Amino acid sequence: MALAQFIHAPEFEGKEKHVPDIALSTSDLGTVVTIQVGKEVVHPTTKEHHIEWVKVFGETQEGKFVEIGELNFGRGTAFPRGSLVIKKEEYKSLTALSYCNLHGVWDNSLAL
Ligand SMILES: [Fe+2]
């Protein structure tokens, strides 16, 4: 049983409320990577139905797949949005995974 068979790609869901949207902006430290689960419709945040975590990975310029960071939202206690700051020039692409307690793992990627 491979993990990949349980990961839902963005095209799996039309309204995209589970897909971790990846947005970039700049700051004094570097490039801010903001992840929000659900771009147009933010995922529910209740004790019964919520996003527990987001993990962000990067493909380095050398072709390695590395973990960049993790955001934890509790169990319905925080809206599923958060940011990390990276050195953008070190990566070719970013991938985010989100985990809904009812609907599983979703992914999205952004070429840099
Ligand atoms: Fe869900």
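Side chains are part of it too, since the values below use all heavy atoms of this structure and drop only hydrogens, waters and symmetry mates. These figures come from a predicted structure and were not determined experimentally. Every number for a ligand or one of its atoms is a count from 1 in the order of the listing.
Around the Fe ion (ligand 1), protein N, O or S atoms at less than 2.8 Å comprise H18 NE2, H43 NE2, H49 NE2, C100 SG, H103 ND1.
Judged as a salt bridge (charged side-chain N to carboxylate O under 4.0 Å, His left out), the pairs with a partner in residues 50-63 (not counting sequence neighbours) are, in order, E52-R75, K55-E70. Counting only residues at least two apart or in different chains, ring pair (Phe, Tyr, Trp, His ring centres under 6.0 Å) contacts with residues 71-99 comprise W53-Y99. For residues 92-112, no residue pair satisfies the salt bridge (charged side-chain N to carboxylate O under 4.0 Å, His left out) rule, not counting sequence neighbours.
Ring geometry for F65 versus F57: interplanar angle under 30°, hence parallel rather than tilted (30 to 60°).
With H43 as reference, H49 is the one residue of H103, R81, H49 to meet the side chain to side chain donor-acceptor pair (under 3.5 Å) rule.
Tracing side-chain contacts under 4.5 Å through hydrophobic residues (I, L, V, M, F, W, Y), one reaches I68 starting from I51; they form part of the same cluster.
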